[in-house]
Amino acid sequence: MGWGVDFAGFLLVPVTRYSTETFEVSWYDAIYFCNKFSEKFGFTPVYSVNGTTDVSKWNYTLHNGDSIRGEVTQNTKANEFRLPTVEEWQYAAKGGQKYTY
């Protein structure tokens with residue numbers, strides 16, 4: 001029951017009431033995936049390592065627990081798939097309300 005798409009080492013599975021959790025995905029895996037997904041749909045990738053958005057040149061192995069060696073930067077003007085900013089996470093965690101603690 002359900003579907004999956006193999007995409008560059010990731011198994012994309014829709015979130016349903018039977019599958020709601022994701023395990024063992026590092027921040028580095030996530031930015032790798034964002035860049036690959038952006039490229040697949042013709043968008044400008046957001047993340048660069050040592051100045052390149054080409055993940056094949058990052059010397060990184062998916063799901064290996066490694067970190068990316070080099071400077072990771074973000075192109076904030078890219079039309080992309082990206083991770084939420086700290087501010088976006090905080091807003092979401094507050095349920096879209098502007099609570100002050």
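These numbers were taken from a predicted model, which means no experiment stands behind them.
Each of Val46 and Trp89 belongs to its own hydrophobic cluster when Ile, Leu, Val, Met, Phe, Trp and Tyr are linked at side-chain heavy-atom distances under 4.5 angstrom.
Closest heavy-atom contact between Leu83 and Ala30: CD2-CB, 3.8 Å. Annotation for Thr53 and Glu39: closest pair O-OE2, 3.7 Å, computed over non-hydrogen atoms. Residue Phe81 comes nearest to Cys34 through the heavy atom pair O-CB, 3.3 Å, listed as atom of the first residue, atom of the second, then distance.
Remark: Tyr60 OH to Ser26 OG distance equals 3.5 Å, nearest 0.5 Å.
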Inset, instruction - Show the numbers, then the answer: is there a side-chain hydrogen bond (donor to acceptor under 3.5 Å, both in side chains) between Asp54 and Ser56? - result: CA-CA 5 Å; Asp54 182 353; Ser56 69; 2.7 Å; yes
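Asp29 places no side-chain N or O within donor-acceptor distance of the main-chain N or O of Leu62, the cut-off being under 3.5 Å. Put simply, the side chain of Asn35 never gets that close to the backbone of Pro45: no donor and acceptor are under 3.5 Å apart. Judged purely by atom type and a 3.5 angstrom limit, Glu88 uses its side chain to pair as donor or acceptor with the backbone of Thr85.
The aromatic rings of Phe41 and Phe37 stand perpendicular to each other, their planes meeting at an angle above 60°, with 30° marking the opposite boundary.
Results of the side chain to side chain contact (heavy atoms under 4.5 Å, CB included) test with Ile68 over Val55, Ile31, Asn59 single out Ile31 as the only residue that passes.
Aromatic ring centroids of Tyr28 and Tyr32 lie 6.0 Å or more apart.
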